[in-house]
Amino acid sequence: MKGNKIMRATETLISTLREVPADADIVSHQLLLRSGMLRKVAAGIYTILPLGHRVLLKIEAIIREEMNRAGGIELLMPIIQPAELWQQSGRWDVYGPELFRLKDRHERSFCLGPTHEELFTELVRQEIRSYRQLPLMLYQIQNKYRDERRPRFGLLRGREFIMKDLYSFDIDENGLDLSYRKMYAAYNRIFTRCGLDFRVVDADPGAIGGNDTHEFMVMADTGEAEIVFCSACDYAADVEKAPCPVESQTAPAALQPLQRVRTPGTHTVSEVAEYLGIPAEQVLKILMYVTDDEPVAVLVRGDRSLNEIKLKNYLHTNVLEIADEEDIAGRFGLPQGFAGPVGLGGRVRLLADNETKNLSNAVAGANEPDFHYRNVNYGRDYQVEDFADFRLAQEGDICPKCGQPLQLKRGIEIGQLFKLGTKYSKAMGANVLDESGREIAVVMGCYGIGVTRTLAAAVEQWHDQDGIIWPSSIAPYEAVIIPVGQHDSLQADLAEDLCRQLTDSGIDSIYDDRPERPGVKFKDADLIGYPVRIVINRDSATDGLVEIKWRASGAVERIPKDTAAAYLRHKLTTDDYPL
RNA sequence: CGGGGUGUAGCUCAGCUUGGCAGAGCGCACGGUUCGGGACCGUGAGGUCGAAGGUUCAAAUCCUUUCACCCCGACCA
């Protein structure tokens with residue numbers, strides 16, 4: 001490839017900020033603003049500037065290649081969707097204020113699509129008649145809109161964002177499984193190629209069938225999701241969804257006689273434990289909740305946290321709020337901080353976490369101020385309606401798959417695979433005729449990647465105090481060329497020549513020809529995060545050497561200018577940059 | 001939607017308590033000196049102080065209303 005136009009910094013828009021913009025709080029938001037890749041237009045709505053746009057295009061290109069490789073067919077759907085389709089699926093009413101709604105001049109209702117299940121299902125309903133036309137995997141890369149209550153974290157949670165969404169259409173569950181596996185493999189390839197450190201998480205391991213939905217999470221300390229994962233096997237799960245198997249029980253202790261003790265002013269588990277000189281895990285913690293209809297009390301071990309999602313799923317309730325002091329006194333008739341299961345029978349619905357069943361000679365509130373019971377034992381001293389898994393997983397728990405201890409890390413969700421089944425096809429009548437001429441509902445899956453979110457997540461993961469450290473596969477440019485003396489035409493010519501050589505050999509390069517001092521260009525190069533920086537100085541003209549500095553490692557090498565293109569090409573395509 | 005906070009020059013912020021000429025640093029323009037990690041000197045441009053109303057001789061400053069934005073929570077990808 002010869003004769004490519006080379007990119008000069010003076011011919012594009014590079015506007016970096018020295019200071020951290022006041023309304024950016026997390027590092028990806030700050031660095032994307034400072035490096036001149038992003039500007040805010042309104043809360044949760046952004047312009048992606050030329051440098052950021054190049055990153056976006058590279059991520060999209062990787063996604064396209066892998067979707068196409070896996071058999072996906074690209075199309076483009078509108079952002080504006082008619083209300084009727086959403087009414088057919090039933091989601092017009094349930095989606096709530098998060099749906100951007102609008103009306104045209106004829107008072108017809110539309111929305112800005114937060115997702116596209118309806119449109120894809122409608123398309124297949126209209127176009128697909130026979131099982132012979134399946135399987136089919138259709139996808140698009142398109143803007144999505146969600147009127148978030150609180151947009152935040154910059155691109156990580158905007159009101160407008162770009163998503164790749166693919167929908168698979170099969171005649172049966174086996175077909176869906178196959179489509180799902182193809183997407184699973186494709187997602188692994190995509191995020192690996194993007195240079196991200198990610199984990200695949202069982203999003204709903206409790207569901208029958210096991211592998212119904214997976215989330216792809218980028219590991220980053222600033223992530224909004226907490227993930228437990230096994231150090232020994234490949235198990236990983238969202239902490240809120242991770243099941244908590246009960247650890248094997250040591251021989252039960254001999255039951256001691258129930259004993260009422262005075263524990264003045266000990267309202268919390270840690271206060272009680274400290275006062276009585278016992279570990280927190282010997283305390284039975286009781287939590288009171290208000291639900292749709294009746295109040296519910298739940299027991300967990302004193303050193304554990306209750307997982308409200310598990311409780312909510314168990315109760316099938318819409319409302320689930322922890323009872324405040326007023327509720328506890330009023331609805332439950334109990335003293336806050338001194339409630340317990342003993343003698344609670346019949347007064348309130350009582351559930352308990354599995355783990356509490358094996359707790360012998362525990363401490364629990366005596367249901368009167370300033371008193372607890374010692375040696376409380378299930379069966380003898382209290383009954384519960386049911387035992388179930390109600391606790392929140394935590395670091396050090398045992399892996400449900402292999403029994404080894406779990407670790408805890410934070411992550412950012414960038415992709416999700418989901419088996420929809422026939423939910424939408426049945427609601428909207430997307431049927432085909434099978435081999436026997438029978439009409440069957442199409443079996444669907446949906447597979448999303450947050451494209452803009454992936455961009456931000458990459459920055460969250462790859463940065464240092466000087467700026468972004470782009471993986472070379474998604475960097476806005478792979479290399480920047482900086483002549484130390486921009487005014488020296490000899491150096492400038494060398495720089496331009498080198499930029500042309502690199503560009504011609506397929507290395508995405510930019511020549512920083514701005515009339516700035518070298519220090520400014522170095523700072524900007526670090527901030528923008530070009531993987532490779534090439535510096536040309538006065539000596540380069542005579543000795544023919546240029547300096548190469550790698551952004552990730554900081555390593556510096558001096559090599560002959562004319563071998564730079566071949567050398568970099570080799571390094572960038574074979575090394576595991578930047579890991 | 002509940003709680004908290006902030007709106008003053010392109011950016012970061014001071015000034016507000018106690019009303020009295022609208023400020024600093026950075027950036028920008030021009031001239032000069034510089035030129036391997038955000039140079040220096042000089043000159044200059046740039047603001048309806050978020051908006052509306054009120055109090056006052058006088059409002060960035062006090063009062064009311066409103067809008068925008070940020071943070072925590074709830075919710076969510």
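Below, chains carry the letters A, B, ... as their sequence lines are ordered, and counting in each starts from 1. As the structure is a prediction and not an experimental result, all values here were calculated from the model.
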What integer distance in Å separates A:D25:CG from B:rC69:P? 16 Å

Quickly work out the A:E547 CD to B:rG37 P distance and round it to whole Å. 11 Å

Could you work out which one of B:rG36, B:rU12, B:rA74 sits closest to the side chain of A:P21? B:rU12

P atom, B:rC63 versus B:rU18: distance in rounded Å? 10 Å

Counter-base of B:rA60, judged by Watson-Crick or G-U geometry with both distances under 3.5 Å: none

Nearest-Å distance once atom C1' is located in both B:rU34 and B:rA24: 26 Å

On RNA chain B, nearest-nucleotide positions of A:F522 versus A:R159: which is more 5'? A:F522

Rounded to whole Å, please give me the gap between NZ in A:K164 and P in B:rA77. 16 Å

Please work out whether the ring planes of A:F216 and A:F191 are parallel, tilted or perpendicular, with thresholds of 30° and 60°. tilted

Nearest-Å distance for atom pair CG/P, residues A:L156 and B:rA77: 15 Å

Touch check for A:P114, heavy atoms < 4.0 angstrom, all strands: base, sugar-phosphate only, or nothing? nothing

What is the nucleic acid contact for A:R538, judged by heavy atoms within less than 4.0 Å: base, sugar-phosphate only, or nothing? nothing

Could you work out, with side-chain contact (heavy atoms from CB on, under 4.5 Å) as the rule, every residue matching A:K312, not counting sequence neighbours? A:T317, A:L320

Assign A:K144 to base, sugar-phosphate, or nothing according to its heavy-atom contacts below 4.0 angstrom with the strands shown. nothing

Could you check how far CD1 of A:I26 sits from C1' of B:rA77, rounded to whole Å? 14 Å

Counting side-chain heavy atoms from CB outward, which of B:rC70, B:rG38, B:rA77 is closest to A:D524? B:rG38

Of the nucleotides B:rA77, B:rC1, B:rU12, which one has an atom closest to the side chain of A:A22? B:rU12

So A:V535, base contact, sugar-phosphate only, or nothing? Heavy-atom distance under 4.0 Å. base

How do A:H29 and A:K521 order along RNA chain B: which one's closest nucleotide is nearer the 5' end? A:K521

When you compare B:rU8 with B:rC49, how far apart are their P atoms, in angstrom units rounded to a whole number? 11 Å

Heavy-atom check, side chain of A:S509 versus side chain of A:V480, under 4.5 Å: no

Would you classify A:E215 as touching base, sugar-phosphate or nothing, given that sugar-phosphate means primed atoms plus P, OP1 and OP2, and contacts are heavy atoms under 4.0 Å? nothing

What nucleic acid atoms does A:N537 come within less than 4.0 Å of, heavy atoms only: base, sugar-phosphate, or nothing? base

Tell me which nucleotide, if any, is Watson-Crick or G-U wobble paired with B:rU12 when both distances must be under 3.5 Å. B:rA24

Say we look at B:rG15 and B:rC57: how far apart would their C1' atoms be, to the nearest angstrom? 23 Å

Please list, chain by chain and in numerical order, all residues satisfying side-chain contact (heavy atoms from CB on, under 4.5 Å) with A:R500, sequence neighbours excluded. A:I6, A:E496, A:D504

Which base, if any, makes a Watson-Crick or G-U wobble pair with B:rG2, both distances under 3.5 Å? B:rC72

Expected string for nucleotides 23-34 of chain B under the B/S/- scheme (protein heavy atoms, under 4.0 Å, primed atoms plus P, OP1, OP2 as sugar-phosphate) is --BSS------B

Between B:rA60 and B:rA51, how far apart are the two C1' atoms, rounded to whole Å? 14 Å

Base partner of B:rU43, which must satisfy Watson-Crick or wobble distances under 3.5 Å: B:rA29

Please state the P separation for the pair B:rG50 and B:rU12 - nearest whole angstrom. 15 Å

Are A:M219 and A:R410 side-chain neighbours, meaning at least one heavy-atom pair lies under 4.5 Å? no

B:rA58 to B:rU65 separation - P atoms, rounded to the nearest Å: 23 Å

Could you tell me which nucleotide pairs with B:rU18 by Watson-Crick or G-U wobble geometry, both distances under 3.5 Å, or answer none if nothing does? none

Would you say the side chain of A:K549 and the base of B:rG36 hold a donor-acceptor pair, judged only by whether the two atoms sit under 3.5 Å apart? no

Do A:S168 and A:Y180 have a side chain donor and acceptor closer than 3.5 Å? no

Who does B:rU66 pair with, Watson-Crick or G-U, both distances under 3.5 Å? B:rG50

What nucleic acid atoms does A:D488 come within less than 4.0 Å of, heavy atoms only: base, sugar-phosphate, or nothing? nothing

Sugar-phosphate only, base, or nothing, as touched by A:L527 at under 4.0 Å among non-hydrogen atoms: base

Select base, sugar-phosphate, or nothing to describe what A:G158 touches, counting heavy atoms under 4.0 Å on all strands. base

Which part of the nucleic acid, if any, lies within reach of A:E148 when heavy atoms closer than 4.0 Å are counted: base, sugar-phosphate only, or nothing? base

Could you tell me how far apart A:I45 (CD1) and B:rC70 (P) are, to the nearest whole angstrom? 11 Å

B:rC72 phosphate, OP1 or OP2: any side-chain N/O from A:R152 under 4.0 angstrom? yes

Between A:D353 and A:F390 (side chain of the first, backbone of the second, donor and acceptor by atom type, cut-off under 3.5 Å), is there such a pair? yes

Would you call the rings of A:Y184 and A:H214 parallel, tilted or perpendicular, taking 30° and 60° as the class edges? perpendicular

Under a 4.5 Å cut-off applied to non-hydrogen side-chain atoms, are A:I14 and A:L51 in contact? yes

Could you state the CD-C1' distance from A:Q491 to B:rG36, rounded to the nearest angstrom? 10 Å

Pairs under 3.5 angstrom, nitrogen or oxygen only, protein versus nucleotides 2-10 of chain B, please.
none

Any salt bridge (Lys or Arg N to Asp or Glu O under 4.0 Å) involving residues 37-49 of chain A? Give me the pairs, sequence neighbours left out, ordered by first then second residue. A:D23-A:K40

Do A:L166 and A:C446 make a side-chain contact, defined as non-hydrogen atoms from C-beta onward lying under 4.5 Å apart? no

When rounded to whole Å, the NZ to P distance for the pair A:K312 and B:rC75 reads 6 Å

When you compare B:rA9 with B:rG25, how far apart are their P atoms, in angstrom units rounded to a whole number? 16 Å

Among all residues two or more places apart in sequence or in another chain, which pass the side-chain contact (heavy atoms from CB on, under 4.5 Å) test with A:D513? A:R8, A:A9, A:T10, A:Q486, A:Y511

Base, sugar-phosphate alone, or nothing: which one does A:R39 contact when heavy atoms must sit under 4.0 Å apart? nothing

Compute both the distance and the angle, then confirm whether A:R101 meets the cation-pi test with A:W92: under 6.0 Å from the six-membered ring centre, within 45 degrees of the axis. yes

